[in-house]
Undergrad: 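If you scroll down you'll find the structure; I have some questions about it.
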Amino acid sequence: MGRLATVKATPYVDRPQAGGYNIYESALMPPTPGHTVFVVDDDEAVRKAVSRLLRSAGIAAAVFASPREFLAQYNPATPGCLVLDMAMPDFDGLQLQTALTEKGCILPIIFLTGHGDVSKSVQAMKQGAFDFLSKPAKDKDLLTAVRAAFERDTVARREQAKFSEIRALLDTLTPREREVLDHVVSGKLNKQIAGDMGITEATVKMHRAHVMAKMKVQSVAELARLTERCRTRGNSE
C-alpha cells in the first residue's frame, strides 16, 4: 500500500483507484455515480482511520472536521450516508442531525460515540438515525452498517424521485380537474360527482379523461394509489 497522504484541514474526497489509494479531490466536486460516505469527526485520528478502512473496502469517503464544514459543502444530490461523531465542540452530532432533518435531507446517519451516552443515542434514534456504534467501532460492524445505509439511501432516493414525479403530474391539473380527481378517488360515480359539483355528467367525463391522461394512468385504482402515495408522503414531511 502506498504512503498515506497527509490529512488536510479542508474537506477532501478520498476515492479508491486501481493504481493507488492516495487520491484526494475537493468535496465541492459535482456528484458522481456511486455512493460516498461523509465522515464528520473533530478527531483527526478517527477521520484517518475511518477513511483508510472505507477505501480499503473500495468505498469513497468525504471527510470533514466539523458539522459546519459539512453543511457548507454537502450536495444533497450525492448519494451515500453520513458517519457522524456524537460529541463535538460548538456544534455536535445531534445538532447536525436536526439541521439536516429541517432541510428535508434523507441521508442515512450512522452515529459514532466514545461516551456511551444512552440518552443521546435514544434521542438520535428517535430522530431517525440509521445506526449507532460505540467507539472504537469494529471494522466489520462499521462496514456492515455503511453498506446497509447505502441500500436504505438507494430506496429512499427512488421513493423521493417517484414522489417528485407524482407531484409534478398533479401540478399539471387545473383546479377543476383536481376537484374531479378528489371525487373520483373517493369512489364516487360520474352522476354523483356531477350533482356535487353542479355540472353536467358529460363535463365530469371530460375532466375525468383529462385527469387520467395527465396522470398517465389507465384505471381509477392506479390513480387512487398514486394520489394516496403522494398524500401519505406529503403528510410525513
Side-chain angles (χ1 to χ4, degrees), residues 1-88 91-94 96-97 100 105-115 121 124-125 128-158:
M1 181 183 298
R3 182 176 60 84
L4 183 66
T6 301
V7 176
K8 301 179 181 179
T10 54
Y12 60 84
V13 174
D14 189 355
R15 294 190 178 279
Q17 296 207 352
Y21 290 130
N22 303 326
I23 307 298
Y24 296 94
E25 304 174 56
S26 168
L28 290 172
M29 62 190 293
T32 55
H35 290 79
T36 296
V37 177
F38 301 95
V39 181
V40 180
D41 198 306
D42 62 329
D43 187 326
E44 181 179 4
V46 172
R47 296 196 303 272
K48 289 177 65 174
V50 173
S51 176
R52 185 182 302 116
L53 170 66
L54 292 170
R55 75 167 180 266
S56 72
I59 300 171
V63 182
F64 302 85
S66 74
R68 296 190 190 282
E69 286 185 2
F70 171 76
L71 283 175
Q73 303 192 52
Y74 171 58
N75 183 344
T78 306
C81 71
L82 174 61
V83 173
L84 177 60
D85 185 26
M86 176 65 76
M88 287 179 281
F91 196 139
D92 66 20
L94 282 176
L96 176 56
Q97 181 188 32
L100 291 174
C105 179
I106 61 174
L107 194 68
I109 298 176
I110 300 170
F111 274 103
L112 296 180
T113 181
H115 299 273
S121 66
M125 297 303 283
F130 180 75
D131 209 339
F132 197 95
L133 302 175
S134 297
K135 290 181 179 179
K138 294 181 180 178
D139 291 356
K140 181 180 178 181
D141 291 343
L142 181 56
L143 290 176
T144 297
V146 163
R147 291 182 176 118
F150 282 173
E151 292 180 8
R152 167 74 67 82
D153 184 66
T154 296
V155 172
R157 288 178 186 277
R158 188 181 300 126

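For the numbers below, each heavy atom of this structure counts, side chains included, while hydrogens, waters and symmetry mates do not.
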Undergrad: At what distance, to the nearest 0.5 angstrom, does NZ of Lys48 lie from CG of Leu53?
TA: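 One finds 15.0 Å between NZ of Lys48 and CG of Leu53.
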
Undergrad: Can you find a pair of side-chain heavy atoms, one from Leu84 and one from Leu112, that are under 4.5 Å apart?
TA: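 They are not in side-chain contact.
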
Undergrad: Does a side-chain heavy-atom distance below 4.5 Å link Asp42 with Asp85?
TA: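 Contact flag for Asp42/Asp85 side chains = yes.
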
Undergrad: Got a second to check how far Leu82's CG is from Thr36's OG1, nearest 0.5 Å?
TA: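 With rounding to 0.5 Å, CG (Leu82) is 12.0 Å from OG1 (Thr36).
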
Undergrad: Indicate yes or no for a side-chain donor-acceptor contact from Thr144 to the backbone of Lys140 under 3.5 Å, with no hydrogens or angles considered.
TA: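 A pair under 3.5 Å: yes.
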
Undergrad: Mind checking what makes ring pair (Phe, Tyr, Trp, His ring centres under 6.0 Å) contact with Phe111, not counting sequence neighbours?
TA: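 Once residues adjacent in sequence are excluded, Phe111 has no partner under the ring pair (Phe, Tyr, Trp, His ring centres under 6.0 Å) criterion.
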
Undergrad: Pairing donors with acceptors under 3.5 angstrom, does anything connect the side chains of His35 and Thr154?
TA: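 Yes.
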
Undergrad: Can you tell me if Glu69 uses its side chain to pair, donor with acceptor, with the backbone of Ala65 under 3.5 Å?
TA: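 Yes: the side chain of Glu69 pairs with the backbone of Ala65.
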
Undergrad: State, yes or no, whether a side-chain contact exists between Pro76 and Leu107 at a heavy-atom distance under 4.5 Å.
TA: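 Sidechains of Leu107 and Pro76: no contact.
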
Undergrad: Do the non-hydrogen side-chain atoms of Phe70 and Val40 ever get within less than 4.5 Å of each other?
TA: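 Of all side-chain heavy-atom pairs linking Val40 with Phe70, at least one is under 4.5 Å.
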
Undergrad: Hey, are Lys135 and Asp41 close enough for a salt bridge, meaning a charged N less than 4.0 Å from a carboxylate O?
TA: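 Looking at Asp41 together with Lys135, the answer is yes, because their closest N to O distance falls below 4.0 Å.
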
Undergrad: Taking all non-hydrogen atoms of both residues, which atom of Leu133 and which atom of Ala145 are closest, and how far apart?
TA: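 Looks like CD1-CB, 4.3 Å.
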
Undergrad: Do Val46 and Val39 come close enough that some side-chain heavy atom pair is under 4.5 Å?
TA: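 No, side chains not in contact.
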
Undergrad: Once rounded to the nearest 0.5 Å, what's the spacing between atom CG of Asn75 and atom CZ of Phe38?
TA: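 So the CG of Asn75 and the CZ of Phe38 are separated by 8.0 Å.
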
Undergrad: Run Arg157 and Asp153 through salt bridge (Lys or Arg N to Asp or Glu O under 4.0 Å) and show every step you take.
TA: CA-CA 6 Å; Arg157 288 178 186 277; Asp153 184 66; 2.8 Å; yes

